[in-house]
Structure formats: C-alpha cells, structure tokens
Amino acid sequence: MLRRTCSHSESSDLRTINLPHPLVLLVLGIVIAAAVTWLIPAGEYQRTVDEATGRTIAVAGTYRQVPQEPVGPFDVAVAIPRGFVEGADVIATILFVGAAFFLVDRVGTLGRLLGALIKSLGSRGLLAIPIVALFFGTMGALENMQEEIVALVPVLLVFGRRIGVDAVTVVAAAAGAAVVGSAFGPTNPFQAGIALTLAELPVLEGGGLRLAMWIVGMAVWIGWTLRYAAAHRVPIEAAPLDVPSDVTARDVAIVACVVIPLAAYVIGALRFGWGFNELSGAFIVGAICVGIIARLGVTGTTVALLDGMQAMLPAALLVGLARSIALVLADGRVIDTILFSVAQPLGQVPPAVSALLMVPAQAALHVPVPSVSGQAALTMPVLIPLSDLIGLSRQVTVLAYQTGAGLMDMLTPTNGALLAVLLAAGVPYQRWLRFAIGGWALTTLVGVAGILTALAIGL
C-alpha cells in the first residue's frame with residue numbers, strides 16, 4: 001500500500017535514515033540491472049511445464065552460457081512502461097481496491113464504526129485492548145490497513161486516556177496490530193495475494209496455515225501489548241469522546257459493499273480460478289454501490305474514487321518499476337546466471353536453512369523498498385525460480401517474504417505511514433522501537449514456525 005513520508009520539518013527525530021524516495025531507488029535499480037547485463041555472462045536454464053502443477057520451472061543441471069545481449073540506455077527507458085504493462089493486473093488491483101476502501105473512509109463509515117466500538121469498550125479497562133487490536137488486525141488482513149489509522153489517532157488517544165494507557169499502547173493496539181494482521185492475513189491482496197500470484201500459486205493455497213499464523217501472531221502481539229500496558233498505566237481521565245458513533249443501517253450496507261466483493265473473490269478463486277482482474281472488477285462494483293448508498297452522486301463518487309486512486313498511485317508505481325527490473329535482467333539473459341551463482345552455495349545447505357535465510361534478507365530489503373506490494377514484484381521473479389532449483393517449496397518462499405517484509409513494516413523508518421501515526425500520537429520513533437522490537441522478534445518467530453510447518457507438511 002501507499003507509504004506516506006513525513007517531512008523533516010514535521011519530525012526530525014523520527015527520521016533516523018535519510019534515503020532517497022523509493023521510486024528513485026527503484027529507477028536506480030533498473031539502471032544497475034542494465035549495467036549487470038554488460039558485466040556478467042549471459043546464460044539460461046532449460047524450462048519445462050510441470051504436468052502435476054502446470055507451473056513453468058527451471059530444470060536443475062541444465063544451465064549453459066549463451067551469447068551476450070546487453071541492455072542499452074534506450075532499452076532501459078523502454079523497460080519502464082513495459083514493466084507497467086507486465087504488472088497491469090496488480091497495479092489495477094492496488095488502484096481499484098485501495099480506492100474502494102478509501103471511499104468507505106471518506107464517507108465516515110470507518111470512523112463511526114471505530115467510535116461505536118470504543119464507546120462500548122470505554123469502561124472495560126485493559127480488556128478493551130484485545131478487541132481494538134483484533135479490529136485493526138482484521139482490517140490489516142483484509143486491506144493492508146496502515147495509512148487510514150493516521151486520521152483515527154486523535155480518537156484513539158482519547159480512548160487510551162479513558163482506560164488509563166499511554167500513547168505507545170494505543171499505537172501498538174492500532175498500527176502494530178494492523179501490521180501483524182497484514183503480514184499473516186491469508187486474504188490480504190496486497191501481500192499474500194500478489195506474492196502468490198507471481199509464484200503461480202492459487203491465491204488461497206495455504207490459507208489454513210496462514211489463518212493459523214494470523215491467530216497465533218495476533219495473540220502474541222496482543223499479549224506483548226497488554227504486558228507493556230499493565231506496566232505503564234497512566235491516570236484514567238473522564239475525557240469526552242467527541243466522535244460520531246451512531247452506526248446506521250447505511251453504514252452496515254456500506255461495509256457490506258466492500259466485504260461482499262472480497263467474499264465473492266474467495267469463492268471465485270476456489271471454484272472458478274478468479275485472479276486479480278476479477279477482484280478489481282468486484283471492487284469497482286462495490287465502490288459504485290458505496291457511492292449510491294452514501295448518496296454521493298455520479299460526480300461525487302467519481303471524484304472520491306479518483307482521490308483514492310491518487311493516494312494509491314505511489315504503491316502502483318513501485319510495482320511497475322519493480323517489474324521493470326526483472327524485465328531488464330530477463331532481456332539481458334542474466335537472471336539465470338544470477339540464479340546459478342546463488343543456487344550453487346544454497347544447494348549445499350538444507351532447504352530449511354535457505355528458507356530461513358530469506359527472512360532476514362527480505363527484512364533488510366524492506367528498508368529501501370518500503371512497499372510490500374513493490375517488494376513482492378521485485379523479489380518473487382528471482383526467488384521463485386531459485387526455490388525450484390534448490391528444491392524449496394514456492395509456498396515457503398512466499399511465507400518467508402510475508403514474514404520478513406510484512407512484519408518489518410512495524411520497525412522500518414522508511415515506512416511513512418508508521419512515522420505519520422507516531423507523529424500524530426506524539427511517540428518518538430526511538431521510544432516506539434524500544435517497545436516494538438521485542439514484539440517484532442516474537443511475531444517473527446511465529447512466521448518462522450509457519451515456514452517450518454510448511455516444510456514439515458510438504459506445503
């Protein structure tokens with residue numbers, strides 16, 4: 001999803017790493033990929049279609065060098081629009097699904113739902129934290145929620161004062177829970193969905209394991225948050241909650257307009273082989289229904305959807321540029337040379353070790369590439385063939401990506417949404433790190449356990 005960036009004037013102490021914009025980094029990556037095609041030998045593996053799965057795989061032991069085909073400067077420029085064409089279905093999904101949820105937020109339904117939830121929990125003390133965390137964890141699993149939380153921070157802070165917890169606890173129950181839910185959510189189209197599609201896997205394959213990881217991961221994060229909250233109680237204030245909280249039948253219908261398309265997509269994927277185009281189409285219909293129910297009119301609905309697409313545009317651009325890098329490497333016929341060079345040492349260690357090494361690699365890469373969808377488009381075209389060569393399950397490779405990149409969203413200083421939430425809540429980045437790093441380590445262990453389970457059951 002979109003990653004907003006805080007300006008230096010907004011918070012100098014939140015920004016500990018000063019990197020160029022991710023779009024600039026990816027363009028630089030395209031240039032470097034082109035330079036690589038001039039520097040290393042071209043080569044290729046023989047490829048075949050696995051009759052059992054229908055997937056195209058590289059055949060181990062068939063690598064050979066081929067004539068060099070270096071990519072020139074103009075070809076680098078042409079690769080950029082080609083990358084957008086190559087990733088068109090993913091880009092469309094980001095724009096249309098993101099715009100539909102943006103519309104739900106724009107008409108106030110999300111705020112009223114949260115307001116009603118918080119008002120009903122106001123007298124329950126720390127027992128309210130798990131319910132709020134599950135709300136945000138579920139939204140993360142459904143639509144990779146992060147940026148939407150920024151506007152809700154003032155309400156959440158009032159809620160925190162009413163139950164006697166500090167701002168760190170509030171951010172943990174909202175933004176932290178959303179990150180965990182996004183990372184492990186089996187229905188998240190922006191993480192699991194994109195990575196599974198690029199891996200040529202059914203979008204709901206392994207859904208049972210991911211659901212179990214989501215449940216355990218959420219339980220671990222909630223437990224970590226409650227432990228901190230109990231040790232850092234603050235005086236309870238009878239602060240008024242000045243937020244609309246009267247959920248109407250119209251709000252319920254609006255939520256249904258974005259839940260039903262997701263449910264239809266799950267059924268369609270299982271029974272009819274639906275993909276991202278069908279998901280986008282379902283959410284276009286859902287967004288139109290939201291506009292009708294909210295009485296925005298044709299013009300109002302159109303403007304709101306365009307605003308939502310504009311908010312999602314940076315994430316869509318990252319996906320297109322990431323696909324361009326893979327295209328340049330493929331044009332120069334050096335992807336297989338890179339695979340051969342990496343597969344040789346990894347082939348000497350057990351597949352489980354290779355899988356676990358992918359987790360920190362994905363986490364480190366997420367600092368310069370803070371878009372989970374962009375990172376999936378960048379890494380899956382290389383890691384999936386590599387997994388085939390070293391005998392590692394594609395499903396395990398996707399789980400390693402989700403664990404490494406997805407959970408890193410709660411730590412990386414290049415995650416603009418996280419920094420915006422911390423800024424709005426008045427929580428210094430260093431203070432957040434001191435709290436979150438332990439929870440991140442524990443939830444990462446949940447991801448590692450999921451990877452080992454997938455290996456054990458042959459998923």
Side-chain angles (χ1 to χ4, degrees), residues 1-2 49 53-56 83-105 138-145 181-182 185-208 210-211 214 253-293 301-302 304-306 308-309 311-313 315-320 322-323 371-374 376-377 380-381 384 394-395 398 401-402:
M1 296 285 280
L2 168 64
V49 176
T53 63
R55 304 167 193 159
T56 302
F84 281 79
V85 173
E86 185 79 12
D89 55 346
V90 175
I91 292 171
T93 297
I94 291 172
L95 294 176
F96 290 120
V97 176
F101 278 101
F102 178 92
L103 186 56
V104 173
D105 191 29
T138 300
M139 293 303 297
L142 292 176
E143 60 105 2
N144 212 66
M145 173 182 269
S182 297
T187 58
N188 183 350
F190 299 97
Q191 289 196 41
I194 292 176
L196 288 166
T197 298
L198 293 174
E200 298 182 350
L201 295 171
V203 292
L204 294 178
E205 185 172 289
R210 284 185 174 80
L211 179 60
W214 183 89
I254 286 173
V255 171
C257 288
V258 292
V259 172
I260 290 175
L262 192 59
Y265 170 66
V266 171
I267 296 172
L270 290 173
R271 299 191 59 182
F272 310 115
W274 280 16
F276 278 129
N277 288 333
E278 288 79 8
L279 177 62
S280 297
F283 269 92
I284 290 172
V285 174
I288 293 172
C289 292
V290 170
I292 293 173
I293 295 171
T301 302
T302 302
L305 287 176
L306 288 175
M309 290 182 188
M312 298 298 108
L313 190 57
L317 291 174
L318 288 172
V319 169
R323 296 300 287 269
S371 164
V372 286
S373 50
M380 290 299 106
I384 292 303
R394 294 186 176 193
Q395 191 67 248
V398 174
Y401 148 77
Q402 290 180 255

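Remember, predicted model here, so these are calculated numbers, not experimental data.
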Using a 4.5 Å cut-off on heavy atoms from C-beta on, say whether the side chain of [Y] contacts that of [X].
{"X": "Arg210", "Y": "Val398", "value": "yes"}
{"X": "Leu262", "Y": "Leu142", "value": "yes"}
{"X": "Ser182", "Y": "Gln191", "value": "yes"}
{"X": "Met309", "Y": "Phe96", "value": "yes"}
{"X": "Phe276", "Y": "Thr197", "value": "yes"}

Heavy-atom donor-acceptor pair, [X] side chain to [Y] backbone, under 3.5 Å:
{"X": "Thr301", "Y": "Ala287", "answer": "no"}
{"X": "Arg394", "Y": "Leu196", "answer": "no"}
{"X": "Tyr265", "Y": "Pro189", "answer": "no"}

Smallest separation among heavy atoms of [X] and [Y], with atom names:
{"X": "Gly207", "Y": "Pro186", "result": "O-CB, 3.9 Å"}
{"X": "Ala192", "Y": "Gly185", "result": "CB-O, 3.9 Å"}
{"X": "Ala141", "Y": "Trp214", "result": "CB-NE1, 3.8 Å"}
{"X": "Ala322", "Y": "Gly374", "result": "CB-O, 3.4 Å"}
{"X": "Pro381", "Y": "Ala376", "result": "CD-O, 3.9 Å"}
{"X": "Ser371", "Y": "Leu318", "result": "CB-CD1, 3.1 Å"}

Ile293, Val104, Val285, Ile292 screened by side-chain contact (heavy atoms from CB on, under 4.5 Å) with Cys257, the one that passes: Ile293
Against Met312, only a single residue in Ile91, Val97, Ile94 fulfils side-chain contact (heavy atoms from CB on, under 4.5 Å); can you say which? Ile94
Step-by-step ring pair (Phe, Tyr, Trp, His ring centres under 6.0 Å) determination, Phe283 to Phe101: CA-CA 9 Å; Phe283 269 92; Phe101 278 101; 5.7 Å; yes
Roughly how far apart are [X] [atom1] and [Y] [atom2], rounded to 0.5 Å?
{"X": "Met145", "Y": "Thr138", "atom1": "CE", "atom2": "OG1", "answer": "10.5 Å"}
{"X": "Cys289", "Y": "Ile260", "atom1": "SG", "atom2": "CD1", "answer": "8.5 Å"}
{"X": "Leu103", "Y": "Ile288", "atom1": "CG", "atom2": "CD1", "answer": "10.5 Å"}

Full working for side chain to side chain contact (heavy atoms under 4.5 Å, CB included) between Val372 and Tyr401: CA-CA 9 Å; Val372 286; Tyr401 148 77; 3.7 Å; yes
Verify whether one side chain among Asn188 and Asn144 offers a donor that lies under 3.5 Å from an acceptor in the other. yes
Hey, mind stepping through Leu317 and Phe84 against side chain to side chain contact (heavy atoms under 4.5 Å, CB included) and telling me if it holds? CA-CA 8 Å; Leu317 291 174; Phe84 281 79; 3.5 Å; yes
